[in-house]
Amino acid sequence: MENRSNDKAAAGAANAAAQVDRAVYTALADVLIDGAFCARAVTKALAMLKDGRSHPFVTSAFYGVLDNNVRLEKAISCLCEKAPDKKSAVVLKIGIYYCNYADMPHYAAVNRIVDLAKKVGVFSGFVNAVLKKSIGFEPTFASELERFSYLHNAPEWLCKMLVSDYGEVRAAALLDAKIPDKTHVRPIAGRSDIEYFKRKLGNAESSECGCYCDKRDLERLDKSEYAVQSLSSMRAVNAYIKGLSGGDVLDLCAAPGGKSIFLSEAGNFKVTACDIYPHKLELMRGYAKKLGARIKIELNDATVRNEKFVNSFDVVVADCPCSGTGTLKSKPDILIKRKPSDIAGLCELQSKILNVASEYCRVGGVLCYSTCSVLCCENEKIRDKFLQEHGGFEALDTVKLLPDADKCDGFFITRFKKVGKS
């Protein structure tokens, strides 16, 4: 009887481990093969699991693979004679991560991933051989750039740009920076404040704008008392309205709406929030209603001159689409989705939006340009080009948030004052 009980327990543990590994695979395949966003992919995978106690491991393994994706791809390229198919590559990345980065015995890691390979239709003998070779694997490098890329887990094209912009030491610091991985929340005006947060949450780490919370902290707050918003986003809004107490504000690229809503709470500001996609407008309307924010939401293409907006606003915000290279720590899938060929097109788009935005600013008003990029070609170079081409504007100030120094996502904000016709 005892042997039967032991066998049953072992079978149960093996089945639970198999479900966990399948959830990790599902989330990573969604991101690496199908291009899903990280948060959606991992949330969907966690919903597959009946036992919530396994959620922390699945989440840790999911982000662990993504945080080491460049290293894992290098290992696969060295250990395999030819590039594996996409499904096999995902299985191998999980296995190499388990074997070399996770706190797991090698034999258990190999056995679990071989079993996973069978379940998802990948040749298990191939996976078994590669994983055994991967244990203690030490790569060789064809160049110093390749070594830098491997050490700091970023694609070579991005490493090259960052080293050019910041120098090797600072580029490494940006890529290796640690920022809080908890959820940053802020109080909702009229419902709560930071002091209330501190009393309610006790030891939760606070910022100048809110608190960092884990799941347990959030359970101690009523959902009507807080809004989820990153510290960098809030600091950007504070930079937009520095020295201002009110006025008509136009946010041209507003979705998902967090900055527009925070702007509406930050003083006597009348906010018009725009986006080009109708479904995003509906999301913004729902979010604004939930937080009790009064903002006007309109469909608008930020690249096309809108006659009714011309010379109509005291503050115009052009928070432009960008490479997202300032948010790598919170959104590691950006390193997978973004390509070097994207950058020139994004810079062109940013300049186009900024040029159009300048027409909407009243004389004496403030034009704000921002990105969540750390690349100079999307930031300082766009700023300088705009000033060269628009004599009716003068530079006010620039704020640059960097992950290593500011302990938040990277963000660039520059403000111009309209002094006359452009």
Side-chain angles (χ1 to χ4, degrees), residues 21-49 55 58-77 80 83-97 113 116-117 119-122 149 153-159 161 175 181 230 253 255-258 275-284 319-350 371-375 378 409-410:
D21 298 336
R22 185 62 180 262
V24 174
Y25 171 82
T26 298
L28 286 167
D30 280 352
V31 172
L32 296 172
I33 298 175
D34 298 329
F37 290 104
C38 283
R40 291 178 187 174
V42 74
T43 300
K44 174 184 169 185
L46 292 176
M48 297 167 52
L49 300 168
H55 287 191
V58 171
T59 303
S60 176
F62 171 74
Y63 282 106
V65 170
L66 293 179
D67 287 342
N68 290 280
N69 189 59
V70 170
R71 300 185 185 104
L72 296 171
E73 288 194 340
K74 173 65 175 176
I76 289 171
S77 70
C80 300
D85 63 86
K86 292 180 180 180
K87 288 175 65 175
S88 298
V90 174
V91 172
L92 286 173
K93 285 178 182 180
I94 300 169
I96 296 171
Y97 175 79
I113 299 305
L116 173 66
K119 286 183 168 59
V120 299
V122 168
S149 168
N153 193 56
E156 289 186 28
W157 68 265
L158 177 58
C159 292
M161 295 185 79
L175 291 170
D181 59 0
S230 71
C253 307
D275 201 84
I276 193 173
Y277 299 109
H279 73 280
K280 290 188 177 181
L281 299 185
E282 290 307 309
L283 291 174
M284 284 199 287
D319 184 33
C320 294
C322 69
S323 65
T325 48
T327 64
L328 301 180
K329 297 301 172 182
S330 56
K331 300 174 183 176
D333 48 325
I334 286 173
L335 285 175
I336 297 158
K337 295 177 180 178
R338 188 61 64 206
K339 299 178 179 62
S341 57
D342 296 338
I343 305 302
L346 286 166
C347 290
E348 183 179 347
L349 176 62
Q350 291 150 11
T371 74
C372 56
S373 170
V374 293
L375 298 178
E378 296 182 274
D409 286 335

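Along the sequence shown, the residues carry numbers beginning at 1. Keep in mind it's a predicted model, so treat the numbers as computed, not measured.
Residues passing the side-chain contact (heavy atoms from CB on, under 4.5 Å) test with Cys372, sequence neighbours excluded: Cys322, Thr327, Phe411. With sequence neighbours left out, Lys74 forms a side chain to side chain donor-acceptor pair (under 3.5 Å) with Glu146. Evaluation of the side chain to side chain donor-acceptor pair (under 3.5 Å) rule for Lys337 yields Asp333 as partners, not counting sequence neighbours. For the ring pair (Phe, Tyr, Trp, His ring centres under 6.0 Å) test, residues two or more places apart in sequence or in another chain that qualify with Tyr97 are Tyr101. Thr371 meets the side chain to side chain donor-acceptor pair (under 3.5 Å) test with Asn379; sequence neighbours excluded. With sequence neighbours excluded, no residue forms a side chain to side chain donor-acceptor pair (under 3.5 Å) with Thr59. Partners of Asp275 by salt bridge (Lys or Arg N to Asp or Glu O under 4.0 Å), not counting sequence neighbours: none found. Asp409 meets the salt bridge (Lys or Arg N to Asp or Glu O under 4.0 Å) test with no other residue; sequence neighbours excluded. Residues forming a side-chain contact (heavy atoms from CB on, under 4.5 Å) with Val122 (at least two apart in sequence, or on another chain): Lys87, Ser88, Val91, Ala117, Val120, Val127.
Counting only heavy atoms from C-beta outward, the side chains of Leu175 and Leu328 approach each other to under 4.5 Å. When side chains are defined from C-beta on, Ser323 counts as touching Leu375, because their heavy atoms get closer than 4.5 Å. Considering only heavy atoms from C-beta on, Asn69 comes within 4.5 Å of Ile336 through its side chain. In this structure, the side chains of Leu349 and Cys320 stay at 4.5 Å or more apart for every pair of heavy atoms.
With hydrogens and angles disregarded, a donor-acceptor distance shorter than 3.5 Å links the side chain of Thr325 to the backbone of Val374. Checking side-chain atoms of Asn153 against main-chain N and O of Asp67 turns up a donor-acceptor pair under 3.5 Å.
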Taking only distance into account, with no hydrogens and no angle test, what donor-acceptor pairs under 3.5 Å do side-chain atoms of residues 340-348 form with protein atoms, sequence neighbours excluded?
residue : atom : partner : partner atom : Å
Asp342  : OD2  : Arg338  : NH1          : 3.3
Asp342  : OD2  : Lys339  : N            : 2.9

Return all side-chain donor-acceptor pairs below 3.5 angstrom for residues 22-41, not counting sequence neighbours, or 'none' if the list is empty.
residue : atom : partner : partner atom : Å
Thr26   : OG1  : Arg22   : O            : 2.8
Asp30   : OD2  : Lys44   : NZ           : 3.4

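Between Gly95 and Ile113, the shortest heavy-atom distance links the atoms CA-CG1, 3.5 Å. Of all the heavy atoms in Ser373 and Glu378, the pair that sits closest is OG-OE1, 2.6 Å. Considering all non-hydrogen atoms of both residues, Pro321 and Gln350 come closest at O-NE2, 3.0 Å. Between Ala154 and Cys159, the closest heavy-atom pair is O-SG, 3.5 Å. When all heavy atoms of Val70 and Pro155 are compared, the pair lying nearest together is CG2-N, 3.9 Å.
Going from atom NE2 of His55 over to atom CG of Leu49 covers 5.0 Å, rounded to the nearest 0.5 Å.
The salt bridge (charged side-chain N to carboxylate O under 4.0 Å, His left out) pairs that include a residue from residues 319-330 are Lys259-Asp319, where partners are two or more places apart or lie in different chains.
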